[in-house]
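So that the names make sense, note that chain A is the first sequence line, chain B the second, and so on, each numbered from 1.
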Amino acid sequence: MSDDAIRAEAEDLLKNGLQTDVFPRADDQTQIQEIIYQLQNGDGSLKERLVVGGFTLDPVSHEGLEQACETCMYYLVHRRYCELPELDVPVEAEWSCRLWRI
Amino acid sequence: MANLLWLQGGACSGNTMSFLNAEEPSACDLVTDFGINILWHPSLGMELGDNLKGLLQSCISGATPLDIFVFEGSVVNAPDGTGEWNRFAGRPMKDWVRELSDVAQFVVALGDCATYGGIPAMAPNPSASKGMQFLKREHGGFLGTDFAAKSGLPVINIPGCPCHPDWVTQILVAVASGRAGDLTLDEFQRPKTFFSSFTQTGCTRNMHFAYKVSATEFGQRKGCLFYDLGCRGPMTHSPCNRILWNRQSSKTRAGMPCLGCTEPEFPFFDLEPGTLFKTQTVMGVPKDLPTGVDKTGYVKLTGAAKAASPQWAEEDMFVV
């Protein structure tokens, strides 16, 4: 599937009420590793990556920082893509996930 | 002719290995072209047993002038301050170090262990190791804060794990050729000529650093290693990307994150388990920021740079 098709599928899932693990955010190394471990040991499906990653269609503000994909270190601006190997998913700039980091 | 004596304490010989790989000048050039007379070296010295002991005593008595005393490895003080865990030529090494340092014109500490205590001095430091004049960041070390060699200079520290052969040979040549007065040392007594710039200075990934494009896995040739893979290049003082290793490359050029081995905290850096090659973050922001940058500035800069990043920065531009 193309990036656009996967992105559209992800958007549909989120718009149709897919409940994702938005909180707790990955504030420290232990929390990051727990989430990464879940992703590495899951089935790798798009749905699971969205749920475990805690994706939302709008930026989440946390501890005074707006955590949008467009400012995340894993985001490729021109491809509109999350390059974190465990997520590896096309996204939109205004989306957000709990593995956000700058 | 400058007499040089080289001893090892709590060491892995890594700095000796590095030194023996020197090319311009080589270890042989130091002898033939720069007038350095190597009295003894653990890998090169011919004397053994009583002959070696006699040579060391000759230096201490002044019968053999000792111009440069090079020490590699930590000074071992265990057990109970005796230094008996590291005996050499019939007595604790630390006793030779003290007496030889007192008579040498210049004392040079090579590598992290001799400089700051290094790996042997990591907590709980069972060997009670110290660097020659530092224990990690704490000034003093084995010889004490007030120590100065006969030339008036404190211990010249050349850290690194190992230190680059050129850092060693250039300092030895400067000292042996009477240009020690040109040396200026920083707060950790490192020659400023090598340790004022950062490891990042000259890194081929600087364009990716500027546009905030991260490498996310080893082996990627694009992307900066600081953002995700734990690289300490922006916070570490060394010329690793100005004076290349083997005249070819550096860790970061080859895709290996800088471990910060020229800084006193190496190798620990307060790392959480599993973060040796993972940039630690707090609330999504790197715990250790590039030297001189604060969190607010970093967040602003990163957001702007990310938005401005060109497409080529996201692609692998290296085609060979």
Side-chain angles (χ1 to χ4, degrees), chain A residues 3 22-41 49 53-56 59-102, chain B residues 205 208-220 222-231 269-290 293-316:
Chain A
D3 282 0
V22 180
F23 294 100
R25 309 299 278 185
D27 285 341
D28 59 35
Q29 203 57 38
T30 304
Q31 290 168 305
I32 293 169
Q33 286 180 327
E34 282 174 3
I35 298 168
I36 293 290
Y37 182 82
Q38 271 184 274
L39 289 165
Q40 287 173 338
N41 291 280
R49 282 178 283 155
F55 275 90
T56 57
V60 169
S61 284
H62 180 61
E63 300 290 336
L65 289 173
E66 188 175 88
Q67 299 184 336
C69 288
E70 68 178 340
T71 55
C72 178
M73 202 49 67
Y74 301 119
Y75 180 63
L76 297 178
V77 177
H78 296 274
R79 191 179 166 192
R80 290 184 291 141
Y81 199 89
C82 173
E83 206 183 23
L84 176 65
E86 287 78 9
L87 290 175
D88 196 28
V89 63
V91 293
E92 292 288 2
E94 65 274 15
W95 292 6
S96 181
C97 96
R98 60 180 175 152
L99 285 168
W100 178 91
R101 53 151 306 152
I102 194 165
Chain B
R205 295 169 187 267
H208 295 111
F209 177 82
Y211 290 119
K212 314 304 171 196
V213 175
S214 176
T216 52
E217 294 181 294
F218 291 115
Q220 290 176 339
K222 76 168 179 71
C224 176
L225 303 163
F226 163 73
Y227 298 115
D228 196 40
L229 297 181
C231 182
F269 286 109
D270 198 20
L271 296 174
E272 293 286 333
T275 61
L276 183 60
F277 295 121
K278 200 73 184 170
T279 303
Q280 290 187 90
T281 56
V282 179
M283 309 287 182
V285 179
K287 182 180 163 197
D288 295 316
L289 292 169
V293 178
D294 65 23
K295 180 181 168 184
T296 305
Y298 176 83
V299 171
K300 284 181 183 170
L301 173 69
T302 302
K306 193 85 186 169
S309 69
Q311 185 156 353
W312 58 257
E314 295 179 356
E315 297 166 354
D316 190 350

**OP:** Indicate yes or no: does A/Asp3 engage A/Arg80 in a salt bridge with an N to O separation below 4.0 Å.
**Re:** no

Original post:
In terms of heavy-atom proximity below 4.5 Å to chain B, should A/Leu65 be classed as side chain, backbone, both, or neither?
Top reply: side chain

Original post:
Counting N and O atoms only, with roles assigned by atom type, does the side chain of A/His78 sit under 3.5 Å from a partner on the main chain of B/Ser309, one being a donor and the other an acceptor?
Top reply: yes

Subject >> Pairs of heavy atoms under 4.5 Å with chain A: top-ranked of B/Lys278, B/Gln311, B/Glu272, B/Glu315 >> reply: B/Gln311

Original post:
So, does B/Arg205 use its side chain to make a donor-acceptor pair with the main chain of B/Ser214 at under 3.5 Å?
Top reply: no

**OP:** For residues B/Phe209 and B/Tyr227, establish whether the separation of their ring centroids is below 6.0 Å.
**Re:** yes

**OP:** Would you please go through residues 92-99 of chain A and name the residues with a non-hydrogen atom below 4.5 Å from one of chain B, in numerical order?
**Re:** none

Original post:
Can you tell me if B/Lys212 uses its side chain to pair, donor with acceptor, with the backbone of A/Cys72 under 3.5 Å?
Top reply: no

Original post:
Can you say whether A/Gln67 sits under 4.5 Å from chain B via the side chain, the backbone, both, or neither, judging by heavy atoms?
Top reply: side chain

Original post:
Parallel, tilted or perpendicular: which describes the rings of B/Phe218 and B/Phe277, with under 30° parallel and over 60° perpendicular?
Top reply: perpendicular

Original post:
Using non-hydrogen atoms only, which part of A/Glu83 is less than 4.5 Å away from chain B: side chain, backbone, both, or neither?
Top reply: both

**OP:** Could you walk me through whether A/Gln40 and A/Glu86 pass side chain to side chain donor-acceptor pair (under 3.5 Å), step by step?
**Re:** CA-CA 6 Å; A/Gln40 287 173 338; A/Glu86 287 78 9; 2.9 Å; yes

Original post:
Could A/Asp88 and A/Arg49 be called an ion pair, given the rule that one side-chain N must be under 4.0 Å from one carboxylate O?
Top reply: no

Original post:
Measuring heavy-atom distances to chain A, does B/Glu217 have an atom under 4.5 Å in its side chain, in its backbone, in both, or in neither?
Top reply: side chain

Original post:
If every non-hydrogen atom of B/Tyr298 is compared with every non-hydrogen atom of A/Met73, which pair is closest and at what distance?
Top reply: OH-CE, 4.0 Å

Subject >> Choice from B/Asp228, B/Val299, B/Val285 maximising heavy atom contacts with chain A below 4.5 Å >> reply: B/Asp228

Subject >> Side chain / backbone / both / neither for A/Tyr81 at chain B, heavy atoms under 4.5 Å >> reply: neither

